[in-house]
**Q** 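First the structure, then my questions, so here it is.
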Amino acid sequence: MNEQIMDQARTAYRSGDFAGAVHMFTAAKDPGEILGEADHLRGNALMRLGRFREAAQAYGEALKDTSYGKVGALLTNQGKAYAAAGDLARARESFSEATKDASYKTPYKAQVGLGDVLMRLGNPTEAGVAFRQAAIDGTNPAPAAALASLGACFIALGRADDAVESYRTASDFAGSADDPRALAAGLGEAYAAAGKHADAVDAFKRATADSLYQLTPEQQQAYSLAQDAVAAQRSMAPTAAGAALDPLDPLGQLGAFIPDPSDTGFFTLTESEMIQQDRQEQKVRRRRRHTGLKVFLVILLLILLALGGAGFAYTRGFGIPSQQEVLTNLFNAVTDGTDTDPYLATGLTEDAKGVISSTIPEGATPQIQGMDQSMTQSTATVSVELSRGGTQTYEVAFVRQGLGWAVSNVTIDFGDAAAGTSTGADAATGAPADPAADASTDAGSAGTEGEAAVADADSAAETSN
């Protein structure tokens with residue numbers, strides 16, 4: 001291996017020059033040499049370039065290096081490359097083999113990929129098994145997506161009630177990276193399939209309330225059918241047996257009949273008598289309804305619900321400001337050269353604060369992709385869009401500070417593809433980052449169906465793998 005060319009290839013890869021990286025990773029190998037890291041990163045670069053079949057071959061070359069390891073991660077990446085290229089049979093084979101690697105630290109990624117391929121092959125039963133395994137995998141930081149996919153499998157199998165439960169559970173586990181509108185739309189489709197048309201209409205309304213989410217053709221059809229069913233049920237609502245109809249209000253929408261002219265007592269009362277009678281009737285109605293007590297109980301219930309909701313949100317890791325707001329403000333402060341102390345944990349030393357500030361690139365935009373939350377501590381996987389193009393993955397630790405959050409550590413996540421070299425900058429120790437271990441960068445950002453299959457391929461080489 002030519003170490004100099006290999007370093008140049010890593011640098012080109014990190015800077016987003018994927019075409020140059022592909023060329024240099026190839027040149028870094030001696031003729032006939034097997035070098036897992038070079039082929040792994042070359043495959044990632046080829047995925048970024050949309051050259052999916054070549055990427056699958058590169059991952060296959062990396063698998064020949066038995067000393068390199070990462071079998072599960074490489075097979076998962078290969079499966080996503082084949083799926084993006086439309087070779088579903090080979091994609092299924094690669095994903096299936098990846099699930100058999102006992103050393104693979106994030107098998108849920110292979111299960112999700114396998115489920116997607118099986119759904120495209122028209123096999124919702126086995127796809128549902130794969131999505132269920134991904135959802136219950138303890139290493140999966142965001143199971144909502146797998147649960148939503150499981151709900152789609154149940155709809156395809158005609159198990160509408162199970163689909164409803166899957167989507168409702170997905171909404172309970174939704175994180176910052178999940179779209180609540182998409183989950184609501186899926187729930188609406190499940191309700192419609194279960195014949196619960198009113199619930200379906202409510203769910204679809206939540207999904208489209210801000211006009212940002214566009215329903216799929218299937219969801220739009222289910223929405224229209226649910227609306228028609230609800231309208232038909234209201235128009236066909238029968239009147240009470242034997243009840244007379246008011247000719248001026250045949251649907252009974254006014255709530256009371258106009259007095260019958262035969263009721264002579266009504267027309268013979270004087271104005272003062274009518275006012276006095278009305279007052280007496282109002283007093284009787286108030287005593288019967290206990291209006292004051294009901295209002296007090298409703299207000300008390302609302303207060304208790306609000307307090308309970310706030311306490312639940314606090315224990316689940318929510319805060320004001322949130323982790324995303326604190327992270328965005330910290331990155332902006334580094335870019336603007338302003339004080340970063342308001343966004344950092346109060347217990348950090350000045351050296352540790354300096355290490356965190358130096359780890360953050362200027363002009364970058366952070367976005368939390370996954371979150372492991374608790375009441376007092378949170379750890380986030382953050383995708384950072386660099387000002388000169390390209391992305392970098394960070395791991396950011398937060399601690400509770402008052403009702404909100406503060407950053408306690410920022411680590412650059414280069415993964416473990418470079419033969420176990422250390423990576424990142426630890427704010428607690430001030431250890432500098434080692435840029436030689438960048439194999440954690442995912443191969444996934446290709447867009448479309450192929451791109452959706454690729455979306456996680458980058459992260460397959462992360463340390464978590």
Side-chain angles (χ1 to χ4, degrees), residues 144 147 161 164-176 178-188 190-192 194 196-213 223 226-227 229-231 233-234 237 239-240 243 246 249 251-258 274-326 371 373-378 398-406:
L147 288 167
D161 291 335
V164 169
E165 291 305 314
S166 291
Y167 279 112
R168 291 175 62 181
T169 306
S171 299
D172 292 339
F173 283 92
S176 58
D178 299 304
D179 187 354
R181 307 174 194 85
L183 295 177
L187 180 60
Y191 273 134
K196 300 177 181 179
H197 303 298
D199 292 331
V201 170
D202 290 341
F204 282 126
K205 285 182 178 179
R206 291 198 305 273
T208 59
D210 55 10
S211 301
L212 295 178
Y213 180 81
Y223 190 12
Q227 288 176 313
V230 170
Q233 289 171 357
R234 290 175 179 172
T239 58
D246 182 354
D249 183 23
L251 298 180
Q253 295 178 347
L254 299 180
F257 290 120
I258 295 177
M274 292 173 66
I275 294 174
Q276 183 63 29
Q277 180 176 329
D278 182 66
R279 288 176 177 174
Q280 291 175 350
E281 290 175 354
Q282 287 182 0
K283 290 180 181 179
V284 172
R285 287 195 296 269
R286 282 198 297 269
R287 286 196 298 270
R288 288 178 178 176
R289 292 196 302 264
H290 301 290
T291 303
L293 178 60
K294 290 181 179 179
V295 170
F296 170 77
L297 292 176
V298 169
I299 294 175
L300 178 60
L301 179 60
L302 292 175
I303 292 174
L304 292 175
L305 288 175
L307 292 175
F312 176 77
Y314 185 91
T315 59
R316 289 295 298 272
F318 294 95
I320 302 175
S322 66
Q323 296 95 328
Q324 180 64 62
E325 290 173 327
V326 170
M371 181 80 70
Q373 299 184 137
S374 69
M375 185 168 63
T376 58
Q377 294 181 343
S378 297
F398 298 85
V399 294
R400 177 74 72 175
Q401 200 155 285
L403 293 178
W405 293 93

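Hydrogens, waters and symmetry mates play no part in the numbers below; they use all other heavy atoms, side chains included.
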**Q** Just jot down the side-chain contact (heavy atoms from CB on, under 4.5 Å) partners of Thr169, sequence neighbours excluded, or say none.
**A** Leu147, Phe173

**Q** Listed by chain and number, what are the salt bridge (Lys or Arg N to Asp or Glu O under 4.0 Å) partners of Glu325, not counting sequence neighbours?
**A** none

**Q** Atom OG of Ser166 and atom CG of Leu187: how far apart are they, to the nearest 0.5 Å?
**A** 10.5 Å

**Q** Roughly how far apart are Gln377 CD and Phe398 CZ, rounded to 0.5 Å?
**A** 12.5 Å

**Q** Tell me, please, which residues at least two apart from Arg181 pass side-chain hydrogen bond (donor to acceptor under 3.5 Å, both in side chains).
**A** Asp179, Asp210

**Q** So, using side-chain contact (heavy atoms from CB on, under 4.5 Å) as the criterion, who are the partners of Ala226 when residues are at least two apart?
**A** His197, Ala200, Val201

**Q** Can you name the side-chain contact (heavy atoms from CB on, under 4.5 Å) partners of Ala184, sequence neighbours left out?
**A** Arg206, Ala207

**Q** When rounded to the nearest 0.5 angstrom, what distance separates OH in Tyr191 from CG in Asp161?
**A** 10.0 Å

**Q** So with a 6.0 Å cut-off around CD1 of Ile320, is the heavy-atom count from everything else above 12?
**A** no

**Q** Phe204: which residues meet the ring-ring contact (aromatic ring centres under 6.0 Å, His included) condition with it, sequence neighbours left out?
**A** Tyr223

**Q** For Leu300, give me all partners under side-chain contact (heavy atoms from CB on, under 4.5 Å), at least two apart in sequence or on another chain.
**A** Phe296, Leu304

**Q** What's the shortest heavy-atom distance between Leu183 and Ala144, and which atoms?
**A** CD2-O, 4.5 Å

**Q** What's the shortest heavy-atom distance between Ser374 and Trp405, and which atoms?
**A** O-CH2, 3.5 Å

